[in-house]
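Worksheet for the structure shown next.
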Amino acid sequence: MGLSKLNSLYREVILDHSDHPHHKHPLADSTSNITLKNPTCGDVINLDIKLDDHDRIADIGFTGDGCTISQSSASMMTDAVMGKSKEQALHMAKTFSDMVMGKQHPQKDLDELEDAAILSSVMQFPARIKCATLSWWALQRALMREEDQDQKTGPKED
């Protein structure tokens with residue numbers, strides 16, 4: 001694929017997720033939620049996650065305001081992690097953060113990111129990295145907070 005076609009596809013996917021975000025709604029019955037703000041530009045992500053009894057993401061939603069990159073990244077992230085286990089989602093968040101910082105990962109790890117893998121080119125724009133990773137950081141913190149709660153309260157009963 002030519003560079004201009006690739007750039008066009010990149011813009012098209014990002015704009016589609018920004019204009020028509022997936023899972024952009026609050027969850028009334030979330031098991032974990034978090035709000036993160038990017039102080040550099042003012043982007044805000046409120047992330048709600050509902051885990052099922054097997055620690056899989058049964059539902060996820062976000063609200064908040066921000067630039068095209070932060071909103072499209074949140075939409076892509078929610079699509080990619082839906083139905084994944086907590087461990088898989090944490091691995092994906094690390095892969096995404098590493099990817100936008102220019103670190104190499106096996107193709108299978110990048111494929112798990114689905115549309116979000118297209119944001120790898122954000123590394124060329126250091127000021128946009130925080131925008132792209134905000135929702136992924138929120139995911140990581142919310143899931144780690146959930147894990148901390150589990151350790152405090154003991155194992156879940158079936």
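Starting from 1, each residue takes its place in the sequence as its number. For clarity, every value in this text was computed on a predicted model and none was experimentally measured.
- Legend: residues meeting side-chain contact (heavy atoms from CB on, under 4.5 Å) with A89, ordered by chain and number and at least two apart, are I57, V81, L139, L143.
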Problem set entry | Verdict with reasoning, Q88 to R56, per side chain to side chain contact (heavy atoms under 4.5 Å, CB included) | CA-CA 9 Å; Q88 287 171 305; R56 291 200 171 278; 3.2 Å; yes
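- Rounding to the nearest 0.5 Å gives a distance of 11.5 Å between OG of S70 and CG of L36.
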Table please: side-chain donor-acceptor pairs of residues 122-131 below 3.5 Å, with sequence neighbours left out.
none

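- Under a cut-off of 6.0 angstrom, the local environment of CG in D65 is sparse, with at most 12 non-hydrogen atoms contributed by other residues, nucleotides or ligands.
- Atom CG of N33 and atom CD1 of I49 lie 9.0 Å apart (nearest 0.5 Å).
- In terms of hydrophobic clustering, with Ile, Leu, Val, Met, Phe, Trp and Tyr side chains grouped at heavy-atom distances under 4.5 Å, V44 and I69 are assigned to different clusters.
- Residue D55 holds its CG atom at 15.5 Å from NZ of K84, rounded to the nearest 0.5 Å.
- The structure places CD1 of I34 at 4.0 Å from CZ of R145, a figure rounded to the nearest 0.5 Å.
- In this structure, OG on S75 lies 8.0 Å from CG on D16, to the nearest 0.5 angstrom.
- Legend: residues meeting side-chain hydrogen bond (donor to acceptor under 3.5 Å, both in side chains) with T68, ordered by chain and number and at least two apart, are absent.
- In this structure, the side chains of F62 and P26 stay at 4.5 Å or more apart for every pair of heavy atoms.
- Between the side chains of W136 and S97, not a single donor N or O lies within less than 3.5 Å of an accepting N or O.
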Would you mind writing out the side-chain donor-acceptor pairs for residues 110-120 within the sub-3.5 Å range, not counting sequence neighbours?
residue : atom : partner : partner atom : Å
D111    : OD1  : Q107    : NE2          : 2.8
D115    : OD2  : H17     : NE2          : 2.8
S120    : OG   : A117    : O            : 3.4

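- The salt bridge (Lys or Arg N to Asp or Glu O under 4.0 Å) contacts involving residues 24-37 comprise D29-K50, where partners must be two or more places apart or lie in separate chains.
- Using modelled atom types, one finds a donor on one side chain and an acceptor on the other under 3.5 Å when comparing N46 with T35.
- Hydrophobic clustering, with ILVMFWY side chains joined whenever heavy atoms are under 4.5 angstrom apart, keeps L15 apart from M77.
- Pairing each heavy atom of D43 with each of G66, the nearest pair is OD1-CA, 3.1 Å.
- Using a 4.5 Å cut-off on side-chain heavy atoms (C-beta onward), M82 and D59 make contact.
- Checking side-chain atoms of S30 against main-chain N and O of D48 turns up no donor-acceptor pair under 3.5 Å.
- Atoms OG and CG, on S73 and L134 in that order, are 8.5 Å from each other to the nearest 0.5 Å.
- Minimum heavy-atom separation, I60 to H23: O-CB, 3.5 Å.
- Taking the side-chain hydrogen bond (donor to acceptor under 3.5 Å, both in side chains) definition, one finds that D98 meets it with K94, H105, sequence neighbours left out.
- Note: the hydrophobic cluster containing L27 does not contain I45 (ILVMFWY, side chain heavy atoms under 4.5 Å, direct or indirect links).
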For this session: Check the pair D109 / H91 against side chain to side chain contact (heavy atoms under 4.5 Å, CB included), numbers first and verdict last.
Result: CA-CA 9 Å; D109 288 353; H91 177 75; 3.5 Å; yes
